[in-house]
Amino acid sequence: MKSSELRQSFLSYFESKQHQIVDSSSLVPGNDPTLLFTNAGMVQFKDVFLGDDIRPYTRATSSQRCVRAGGKHNDLENVGYTARHHTFFEMLGNFSFGDYFKKEAIGFAWEFLTQVLKLPTEKLLVTVYADDDEAFDIWHKQIGLPTDKIIRIGDNKGGRYQSDNFWAMGDTGPCGPCSEVFYDHGEHIWGGPPGSAEEDGDRFIEIWNVVFMQFNRSANGDMSPLPKPSVDTGMGLERIAAILQGVHSNYEIDLFQNLIKASAEVVGTDDLQAQSLRVIADHIRSCSFMIVDGVVPSNEGRGYVLRRIIRRAVRHGNKLGQAKPFFHKLVAALDAEMGDAYPELRKLKERVTAILLKEEEQFAKTLDQGMRILEEAIEGLAGSKVLPGEAVFKLYDTYGFPADLTNDVARENGLEIDEEGFEAAMEAQRARARSASNFTMDMSGSLDLDVQTEFTGYDQLEDRCVVETILLDGETVEFVEAGQQAVVILKNTPFYGESGGQVGDQGWLSGGVAFKVANTTKQGKAHLHHGELKEGRLSVGDSVTAEVDRSMRQATALNHSATHLMHEALRRVLGDHVVQKGSLVDSERLRFDFSHFEGATAAELEQIEDMVNEQIRLNRPVETELMDIEAAKAKGAMALFGEKYDSQVRVLTMGADYSIELCGGTHVKRTGDIGLFKILTESGIAAGVRRIEAVTGKAAVEASRSIESALNQVAGLVKGNKDTVLEKVTVLNDQARALQKELDAIKGKLAAMAGADLASQAVDIRGGKLLVAQVEADPKALRDMLDQLKSKLESAVILLASVNDGKVSLIAGVTKELTKQVKAGDLIKMVAPLVDGKGGGRPDMAQAGGNNPDALPSALASVPDWVAERV
């Protein structure tokens, strides 16, 4: 049975048992910030098990794509070295949310394994938690397994309920015993059954785990029965496919064999048994699906994990002799294997290919150099079997070599890495980063408030309200007087509390008092009105008129509604991979951060701007509806990963289904109210994250006038007008380039003349010349001068220095004949700190900068003795 057939067979079987087939969720968990990636089938149902989410079904089944390559669940270093470790795998699962329990769950598992997949019963054995007599009896009396095929596993991890057969969602919360099904691969493979001394062998392999969530564990460890016991199961697609296809290693199944063949073709090898091909075949799956789910390569978080995996794959291709970019070519092969099951991959395969290619090209610039440094470090170990942590850190920090990639190379050479030394170097870097940062977070505003405010501001900007609570310096008080700054919480309010990227409202509370509201925030379900009492005395229980600043609210609404239109335009122009990464909407502008791996072109920005303005001109109504979350998703509403939504959500529809999103913010009545939309800037703020700033309405008109005014000024400076300014500026630019070229040529001639004069100052050293000099030249001229001197002196060590604008520039050169004794990089590393600088480079040429010109003479004077010691 092919892997694709197995996946469908599993889903179809449970669909026949009244289970709802649920699509795989994203690899980026939407409801669990503690997880780096989705690593099990139950992750998308976590809130259902906890009772915080209600679905229209009580039985579900899914084939969930999972990644274990970072954080607590990290299999990356084992991939390629074992038969069953992967960074990416598919977890087949069936779930019951208070519907059926142990009897049905065990029955379903056994029926599917033995009757649908037709596995021989004599090859199967199961484990149960030692105290779970109910599960034991079901397996023995209902299923008919002999007692010697049912193994009780007790608390083998130290402490009550600390067992391989007792599963917990966390330290607290739903938990319960589990029953695992094992397959016996045969006596010819070493290993013993679970619970034995040889259980870590490969003979008995777990293929399915059925978890019976029947308890709730409190913080003090007490276990109480759940009102609705549930079931959570998981079976690895790759493991069961290996059994059905009669192979022992997951890498021998059809899915992997096809990817391995494709990998061999793109790297140019005929050795299909090469371990590196297994690594590459595994990694194309995890990398591609991470990108599909909005992750892009970066230097932190999920993006860094993705970058590590890509670089590991590229290094293994390089190990097989492929120096050119190849990894991106495997996306097509992966689509052929998995595109039918996961159409989102097929839809975005071109985008995935482009991102992988760009990352490969970027890494190729440093791979050769990094590998050379690593090989030199290994050669210099002088018999030691441990690669120093400082060397590992240098490779990571300077050349972008992840530690696990260095560990791979070390392992291939029979070495270990000094992990403690590496971590010490990393911690030292973190400490330097912390000390260099002035950023602090003020948590003093975190209050324990049991208050709920009714928001009435969708339909009105003025309301009669009752004062519920007053906070003064973080403490509750009964009243405040004129001149005091305070936080006022009302029973109901038309003031919007800052959330969802939209700033809080400003305005006044009046009625015998005058309280100026400078900002409104939300904490829990309470709206906090921050401001100052200008007149009167305000007490708890007072009735006041709350009036929102209308002009600010309206301007903010224009920008917020335009943000939704722009978000949809971004997805239509740049691709469906665009995901919101943050936003800020106030009365002056809108700012929108989104995932995209390269800057948008001028033409793309113009297309986005035109698309938004077209929707504005159509002047269609903006509609809001309250509905349950599943209905909202069915309508096509976009929800943000990481956001937690109530069972009832507010769905905003703009432009006759042009844009449908979940949003609790305030908006215009019709798209035409926005007036005009103008993009001001587009820039990168982090790896894979871009930012657009734009304005609407009156601000957009003013921005357009400002641009036109600047254009007119430029036209005047070049003696032209709006129609001829481009032509005039182009001519001037060409003239400037020609003049710069002439200037560079003159500088080169001067450098040659200066080099000839300097050459006479060189002194003899063993086997060549030494020249140390301070000259009048900019950094670029220094380089030209060095090249002239190396050519003229033939065999020499040269160090040149200059001072420009209070900064020191250093450049060192060593001709090929002397680089074994003296390396330019080492020379620079010795001199640069003497002038409060740092730098480095190759053995034949290196550069540095410094901040202490006064120390330059003594620094240069130290060079001859340093060189003499080495030659």
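Reckoned from all heavy atoms, side chains included, excluding hydrogens, waters and symmetry mates. Here the structure is a predicted model, which means the values were calculated and not measured.
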Are more than 12 heavy atoms from other residues, nucleotides or ligands located less than 6.0 Å from atom [atom1] of [X]?
X	atom1	answer
E198	CD	yes
E122	CD	yes
K149	NZ	yes
D23	CG	no
I54	CD1	no
K635	NZ	yes

Measure across [X] and [Y] and return the closest heavy-atom pair with its distance rounded to 0.1 Å.
X	Y	value
S63	L92	OG-CD2, 3.6 Å
P29	R302	CD-NH2, 3.7 Å
Y161	D155	N-OD1, 3.1 Å
G107	I143	CA-CD1, 4.3 Å
A341	R7	CB-NH1, 3.3 Å
A60	V22	CB-CG2, 4.0 Å

Once you round to the nearest 0.5 Å, how far does [atom1] of [X] lie from [atom2] of [Y]?
X	Y	atom1	atom2	value
S288	H328	OG	NE2	12.0 Å
C178	F212	SG	CZ	8.0 Å
R278	I260	CZ	CD1	7.0 Å
I284	F88	CD1	CZ	11.5 Å
D270	E265	CG	CD	10.5 Å
F95	S62	CZ	OG	4.5 Å

> Any idea how F49 and F45 line up, ring-wise: parallel (<30°), tilted (30 to 60°), or perpendicular (>60°)?
Replying inline: perpendicular
> Between Q142 and W110, is a side chain to side chain contact (heavy atoms under 4.5 Å, CB included) present by the stated rule, with each step listed?
Replying inline: CA-CA 11 Å; Q142 175 184 315; W110 190 253; over 6 Å; no
> Do you see a donor-acceptor pair shorter than 3.5 Å between the side chains of N216 and S224?
Replying inline: no
> Would you say the side-chain atoms of T269 and D271 include a donor-acceptor pair closer than 3.5 Å?
Replying inline: no
Looking at [Y], is its backbone amide N or carbonyl O close enough to the side chain of [X] to form a donor-acceptor pair, meaning the two atoms are under 3.5 Å apart?
X	Y	answer
Q322	V266	yes
S96	S230	no
N220	D222	yes
K123	D184	yes
S163	G154	yes
E423	E419	no
D132	P177	no
Q245	D254	yes

>> For Y342, give me all partners under ring pair (Phe, Tyr, Trp, His ring centres under 6.0 Å), at least two apart in sequence or on another chain.
In response: F289
For [X] and [Y], I'd like to know if the aromatic rings sit close, meaning centre-to-centre distance below 6.0 Å.
X	Y	result
H316	F326	no
Y129	F166	yes
F204	Y183	no

Flag the pair [X] / [Y] as yes when at least one side-chain heavy-atom distance between them is below 4.5 Å, and no otherwise.
X	Y	value
I151	P193	yes
V295	L27	no
E180	N209	yes
F10	N94	yes
L6	L237	yes
R59	F14	no
L330	L356	no
L125	P194	yes

>> Per the side chain to side chain donor-acceptor pair (under 3.5 Å) rule, what does the pair list look like for residues 329-341, sequence neighbours excluded?
In response: N258-E337, D335-R346, D335-K349, D340-R346
>> Per the side chain to side chain donor-acceptor pair (under 3.5 Å) rule, what does the pair list look like for residues 10-20, sequence neighbours excluded?
In response: Q8-S12, Y13-E111, K17-E111, H19-Y100
>> For a side chain to side chain contact (heavy atoms under 4.5 Å, CB included) check, start with the C-alpha distance between L334 and V352, then their side-chain angles and the critical distance, and finish with the verdict.
In response: CA-CA 11 Å; L334 180 64; V352 174; over 6 Å; no
>> With salt bridge (charged side-chain N to carboxylate O under 4.0 Å, His left out) as the rule and sequence neighbours excluded, what pairs involving residues 136-148 come up?
In response: none
> Which pairs pass salt bridge (charged side-chain N to carboxylate O under 4.0 Å, His left out) with one or both residues in residues 236-252, sequence neighbours excluded?
Replying inline: E238-R285
So, are [X] and [Y] salt-bridged, with charged N and O less than 4.0 Å apart?
X	Y	answer
R55	D47	no
D131	R160	yes
K103	E134	no
R307	E359	yes

> Run the side chain to side chain contact (heavy atoms under 4.5 Å, CB included) check on H140 and L145 step by step: do they pass?
Replying inline: CA-CA 5 Å; H140 178 52; L145 271 182; 5.7 Å; no
>> Among residues at least two apart in sequence or on other chains, which ones pass side-chain hydrogen bond (donor to acceptor under 3.5 Å, both in side chains) with T127?
In response: N165
> Does the pair F256 and D282 meet the rule for a side chain to side chain contact (heavy atoms under 4.5 Å, CB included), with working shown?
Replying inline: CA-CA 8 Å; F256 269 111; D282 170 273; 4.3 Å; yes
